[in-house]
Amino acid sequence: MIRLFDSLKTEVRPLRLREPGKVSMYVCGPTVYGLPHMGHGRFTLVWDMLRRWLTFQGYDVNFVSNITDIDDKIINLAAAQGTTESAIADRYEQEWWTAMAKIGVAPPTHSPHATDYVAEMVTLIEELASQDIAYRLSDGMYFDTSRVADYGALAGQPLDSLRAGARIETVEEKRSPLDFALWKNAKEGEPSWPASFGAGRPGWHTECVVMSLGLLGDGFDLHCGGLDLKFPHHENERAQAVASGHPFAQHWAHNGFVMVDGEKMSKSLDNFTSLTDLLNRTDPRAYRLLVLRSHYRSPIEVSPATIEDAERALDRLDSLARRFELPALAGEEFVSAANQPAGMLSDRVTEYLEDDLNSPLAVAALFEALSQANTLADEGQGDEAQNLAEAINTLFGALGLTLRGQSSAIDAESAEIVKLRDQAREGKNWTEADRLRDSLVKLGWVVEDSPTGTVIRR
RNA sequence: GGCGGCGUGGCCGAGCGGUUAGGCAGGGGCCUGCAAAGCCCUCCACUCCGGUUCGAAUCCGGACGCCGCCUCCA
């Protein structure tokens, strides 16, 4: 079984499964109040890779990732635009799924919406309140963090230092500055749900704990998310589960940040890049390759240069697919366990990935194999080369990266020019042949001469 | 202030005591009417100063620089 760094135990350890052969994993999804950004792209790609790999290994993966469709930011945006919260949430959820499809992230097994689980959230808060773990203040319900013995375990810091660092509180009557809102009382004109402790809406931390436990059950296997969610979001999810007597995630995994010019990408620094925009401008596979080529816990530098680098590397992969006529795999489809190739390459890739998801080493091994396959083919060992190329294709496919050997359909006009150019070349009329090549290039084709004549592709 | 992480060749990015990481770019070659694409080969490293060791990018100590979390955040 794969070994992963566990943020709670701060060590790499095997992922243990509640049920043999079945993986239950939860990934904190987006709050839909804007276009997805590069950070969203990274976390979805990283956990999609893990999910695909586990599926490829024959595990039955129950992958839950939520949509947070009620939140202060959604409310504020709706007010600013004079529209409803649900209109905002719907619109950006659409954008989200469009981007996910484009980048080849497979849809979750379940993608719960926070607003569909409010009743369960109310029940949880009532339960906590009955034990005085949740308490009421003027603006809502709060969680008493002192009631969880190991609160701060995920943060990896002593409680004192967390308390010392806490900013000036707006709600001064909280029992501790660390206590967090479970429920926010309804305000004029804002969406709200009824509750015994007063109409209002749930706090973010309560949403995720209810949805994850609700769909995956007590003691599910793995909880994933961006490093910035570790504290306080994940800490607070865990606190609520522990306090209400539910064993929570047995393993925690966090991915690193997207960096721009050496700094964490964030809206406040105005170095924010929209994923939607990137996917419209570049080959969507480039970002996946970029993510695969760095370790999931390391920061990655995203810039036009690193994306272009990946696009060129992709060219080489595609040319392998062309040379060996490999089928296009992956996309929204999984490469199934039944297709696992035998051999040393597969063993190496497996070994690397099982060691805390070392995809950079796995990709390096695949590129080495690419050279090897080409060399074998050059030396006339066609069958061996073909087998190796197919293994490379399958293994990249298992990680969600599709190799594309097929060129796009050729229109009648271009086909005619190709025909004319081949005639010109046959007659050794190089001037005319070059002129026709130029016109094909202007139409956006890459023009190559082959033993059978002009070959064009895009 | 507290806690944690990082500093690798032109760029990205692995590495966890001894072996070529890998990719992109650069250089050379093959192929080609010329190209393009592709293939093959190849130059270029480990922030600095001490220490441990037969041997350190890798371990220890120190210096400098950078980043993150502690606050909404993937």
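Below, chain A is the first sequence line, B the second, and so on; all start at residue 1.
A/R348 comes within 4.0 angstrom of nothing in the nucleic acid, heavy atoms only. As judged by a 4.0 angstrom heavy-atom cut-off over every strand, A/R42 is placed among residues making no nucleic acid contact. Base contact: A/V258 has a heavy atom under 4.0 Å from a base atom. Within 4.0 Å (heavy atoms only), A/G39 reaches at least one base atom of the nucleic acid. At the heavy-atom level, A/R316 lies under 4.0 Å from the strands shown only through sugar-phosphate atoms. Residue contacts for A/G41: at a heavy-atom cut-off of 4.0 Å it reaches no nucleic acid atom on any strand shown. Residue-level contact check: A/K73 touches the bases, meaning some heavy atom is under 4.0 Å from a base atom.
Toward the 5′ end of RNA chain B lies the nearest nucleotide of A/R312, the other residue of the pair A/V446 and A/R312 mapping further downstream. Positionally, the nearest nucleotide of RNA chain B for A/A155 lies more toward the 5' end than for the other of A/A155 and A/G226.
In this pair, A/W252 and A/F248 present their aromatic rings tilted. The plane angle is within the 30 to 60° band. Ring pair A/F180/A/F143 is parallel by interplanar angle, where below 30° counts as parallel and above 60° as perpendicular.
A salt bridge is defined here as a Lys NZ or Arg NE, NH1 or NH2 lying under 4.0 Å from an Asp or Glu carboxylate O, and A/E351 with A/R348 fails to meet this definition. A salt bridge does not link A/K174 with A/D144: every distance from a Lys NZ or Arg NE/NH1/NH2 to an Asp or Glu carboxylate oxygen is 4.0 Å or more. A salt bridge does not link A/D318 to A/R322: none of the charged nitrogens lies less than 4.0 Å from a carboxylate oxygen. Ion pairing of A/D356 with A/R13 is absent here, as no side-chain N (NZ or NE/NH1/NH2) approaches a carboxylate O to less than 4.0 Å. Salt-bridge formation is detected for the pair A/K184/A/D72: a Lys NZ or Arg NE/NH1/NH2 atom is positioned less than 4.0 Å from an Asp or Glu carboxylate oxygen. A salt bridge links A/R281 with A/D277: the closest approach of a Lys/Arg side-chain nitrogen to an acidic carboxylate oxygen falls below 4.0 angstrom. A salt bridge links A/R285 to A/D283: at least one charged side-chain nitrogen sits closer than 4.0 Å to a carboxylate oxygen. Contact check on A/D434 versus A/R437 returns a salt bridge, with a Lys/Arg side-chain nitrogen under 4.0 Å from an Asp/Glu carboxylate oxygen. Between A/E190 and A/R201, at least one side-chain nitrogen of the basic residue sits less than 4.0 Å from a carboxylate oxygen of the acidic one, meeting the salt-bridge criterion.
Going from atom CE of A/M265 over to atom P of B/rG68 covers 13 Å, rounded to whole Å. When the C1' atom of B/rG23 is taken as reference, atom CZ of A/R288 falls 18 Å away, rounded to whole Å. The nearest whole Å value for the distance from the CG atom in A/L399 to the P atom in B/rG22 is 19 Å. Across the protein-nucleic acid pair, A/W252 atom CH2 and B/rA74 atom C1' stand 15 Å apart, rounded to whole Å. Atom P of nucleotide B/rA74 and atom CG of A/L35 are separated by 14 Å, given to the nearest angstrom. B/rU71 atom P lies 13 Å from atom NZ of A/K264, rounded to whole Å. Rounded to whole Å, the distance from CZ on A/R323 to C1' on B/rC31 is 12 Å. Atom CG in A/L229 sits about 16 Å away from atom P in B/rG68, given to the nearest Å.
Under 3.5 Å, the side chain of A/D318 and the base of B/rG38 form no donor-acceptor pair of N or O atoms.
In the region residues 368-382 of chain A, proximity to RNA chain B at under 4.0 angstrom, judged on heavy atoms, holds for A/E368, A/L370, A/S371, A/N374, A/T375, A/D378.
Comparing the same atom, C1', in B/rG68 and in B/rG26 gives a spacing of 35 Å after rounding to whole Å. Here, B/rU58 and B/rU42 have their C1' atoms 27 Å apart, quoted to the whole Å. The P atoms of B/rA57 and B/rG9 are separated by 14 Å, rounded to the nearest whole Å. Taking the P atom of each, B/rG4 and B/rU47 are spaced 23 Å apart, rounded to whole Å. Spacing between B/rC70 and B/rC59 at atom P, rounded to whole Å, works out to 28 Å. Atom name P, nucleotides B/rU71 and B/rG65: the rounded distance is 27 Å, in whole Å. B/rU19 and B/rC30 have their C1' atoms separated by 30 Å, given to the nearest Å. The separation of B/rU53 from B/rC60, taken at their P atoms, amounts to 16 Å, rounded to a whole angstrom.
Pairing analysis of RNA chain B (Watson-Crick: purine N1 to pyrimidine N3 plus N6-O4 or O6-N4; G-U wobble: N1-O2 and O6-N3; both under 3.5 Å) yields stems of 3 or more pairs at B:1-7 with B:64-70, B:10-12 with B:22-24, B:26-30 with B:38-42, B:47-51 with B:59-63.
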Readout for nucleotides 6-16 of chain B: B = base within 4.0 Å of protein heavy atom, S = sugar-phosphate only, - = neither; 5' to 3' it is ------SSSS-
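Taking the centre of each ring, A/H254 and A/H234 come in below the 6.0 Å mark.
When each of B/rC69, B/rA37, B/rC34 is scored by its nearest atom to the side-chain atoms of A/R457, the top-ranked nucleotide is B/rA37. The side chain of A/P232 lies closest to B/rC72, out of B/rC72, B/rG68, B/rA36. When distances run from any side-chain atom of A/D449 to the nucleotides B/rG33, B/rA74, B/rU71, the shortest one goes to B/rG33.
Looking at heavy atoms from C-beta onward, A/M100 lies out of side-chain contact with A/P107 at the 4.5 angstrom threshold.
A/F257 does not carry A/R42 over the face of its six-membered ring by the limits of under 6.0 Å from the centre and within 45° of the normal.
Judged by ring centres under 5.5 Å apart and planes tilted less than 30 degrees, A/W430 stacks against the six-membered base ring of B/rG33.
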